[in-house]
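Quick notes on the structure that follows.
For ligands, and for the atoms within them, numbers begin at 1 and follow the listed sequence. Start at 1 with the first residue, then count along the sequence.
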Amino acid sequence: AGVNAKLALVLGIWIATYVIVSFALAQRCRHYARDYAAARSLVSGKIVDSVTNIMNAKLFARRDYERSYLDGYLNLEVKRARETFWFMERIRWFQFLAAMVLMLGIIGYALRIWSAGGMTVGEFAMAASLSLLLIEQARGLSRRFLEFFEYVGNIHDGVGVIVRPHEVVDAADARILEVRGGGIEFKHVDFSYAAGKPVFKDLCLSIRPSEKIGLVGFSGSGKSTLLNLSLRLFEPQVGSILIDGQDIQTVSQESLRAAIAMIPQDPMLFHRTLMENIRYGRLDATDEEVIEAATKAHAHEFILDTDDGYDSLVGERGVKLSGGQRQRIALARAILKDASILLLDEATSSLDSITERHIQESLSFLMENKTVVVVAHRLSTLSHLDRIIVFHDGAIVEDGTHRELLRRKGHYAKLWSMQAGGFLPDIEVPEASTVDLAS
Ligand SMILES: Nc1ncnc2c1ncn2[C@@H]1O[C@H](COP(=O)(O)OP(=O)(O)OP(=O)(O)O)[C@@H](O)[C@H]1O
Ligand SMILES: [Mg+2]
């Protein structure tokens, strides 16, 4: 019995040390696993980026460049993988050696006692096999530690992406937006996408119910941002935005977005049928209503030209639509939605003049009794609106009707006279400073 107690004590101490050391080592595996997982997702991201930009790679004949660019990231992944595997391999060797030493020790010890006659063969066999069993269990446990911390590292990399807090959340006591006329008011709004780069500073703008205004300004001056803020896709850092007197931060985003129809600068379509894509504007619309909206948006003609008409699937293996055709689908959606506020971000920018003329008619019909904000570079599409706002560097520099602004001979008049055949030359921001709108 004395022999067995001694054996049990040695075994107990060994197992405790073994498990603690394995645990400590396995914990370090977390970092390796996390870095490896991060390298893996970096590589997948780079590959997706290269593949989606295959057109650029072709246009600039950059196949070899893309290849060596990806090679760099792949090498990084391989390096991280190697580090991780080496680290785990070292731990496994430690476990293996520790187990071997103990096993040999126990067997040698038992052999000595047995040969001195202190033990029967049966006892020896039992002691040896029990020790082996315990060692095996301890090794199994430490392997689990290693796996566990490997997963912890992997998860750490992924969870960081998923668990980022939602930027815009409804207030706990969010009310339903009650739309009466659709007046929009920006009150002393400061906004920046990234700290230190303000888009708006102390912006004040009041749009009366059913008023139709046009936004003009150089590329990057904040026109789309103003629409994004009205939809509460982003929130101002300072100030508030009211719709019919209600702060949009206090109403539910559902009700806010139900009240606004937006045609974005570059509308996206679902990989679904044309019918489903248009009906997205109002899910309970009948087929006839969808077709009516498509007709008003001048989409009906080209839809009938596709193989399956309204049942044609949009996307890679279905019909591929041009930019202008996608805009007309988006317009049909907005017509179906029939919301009180209409935001058009260059909604007719991809259209030829004749199609645009047709659509302007449908648009003016759609705009009736609605509050409308139109962003356009082609000033001729704005001249019939109630009011035109000129943006520069995130501030309003002119505000008035087309006639008033022309008479003022300011920025708008300058832009208007610069237009050749109704187009504003596409001046990028750096060049814009040479025109110096603010002067
Ligand atoms: N999602 C975003 N994240 C960070 N910065 C952004 C984002 N969208 C726009 N910006 C920046 O905000 C500024 C205003 O952009 P905005 O899209 O409002 O310009 P715009 O007047 O609509 O230009 P355009 O006429 O080219 O459409 C730009 O400097 C742009 O770089
Ligand atoms: Mg824009």
Hey, is the main chain of [Y] close enough, under 3.5 Å, to the side chain of [X] for a donor-acceptor pair?
| X | Y | answer |
| --- | --- | --- |
| R282 | L336 | yes |
| S255 | V251 | no |
| E211 | R208 | yes |

Item to complete: From the options F200, Y412, F218, select the one residue that forms a ring-ring contact (aromatic ring centres under 6.0 Å, His included) with F391.
Response: F200
Worksheet entry | Sole residue of W86, F85, F87 in ring-ring contact (aromatic ring centres under 6.0 Å, His included) with Y32 | F87
Worksheet item: What residues, two or more places apart in sequence or in another chain, satisfy ring pair (Phe, Tyr, Trp, His ring centres under 6.0 Å) together with H300?
Response: Y310
Worksheet entry | Worked verdict on E404 versus R407 for salt bridge (charged side-chain N to carboxylate O under 4.0 Å, His left out) | CA-CA 5 Å; E404 281 168 9; R407 234 178 291 134; over 6 Å; no
Worksheet item: Mind counting the protein N, O or S atoms sitting less than 2.8 Å from the Mg ion (ligand 2)?
Response: 2
Worksheet item: Any ion pair linking R144 and E147 (charged N to carboxylate O, less than 4.0 Å)?
Response: yes
Response to the item:
Residue shell for ligand 1, any heavy atom closer than 4.0 Å, reads Y193, V199, F218, S219, G220, S221, G222, K223, S224, T225, Q265, H377
Fill in: For H188, all residues meeting side-chain hydrogen bond (donor to acceptor under 3.5 Å, both in side chains), sequence neighbours excluded
D202
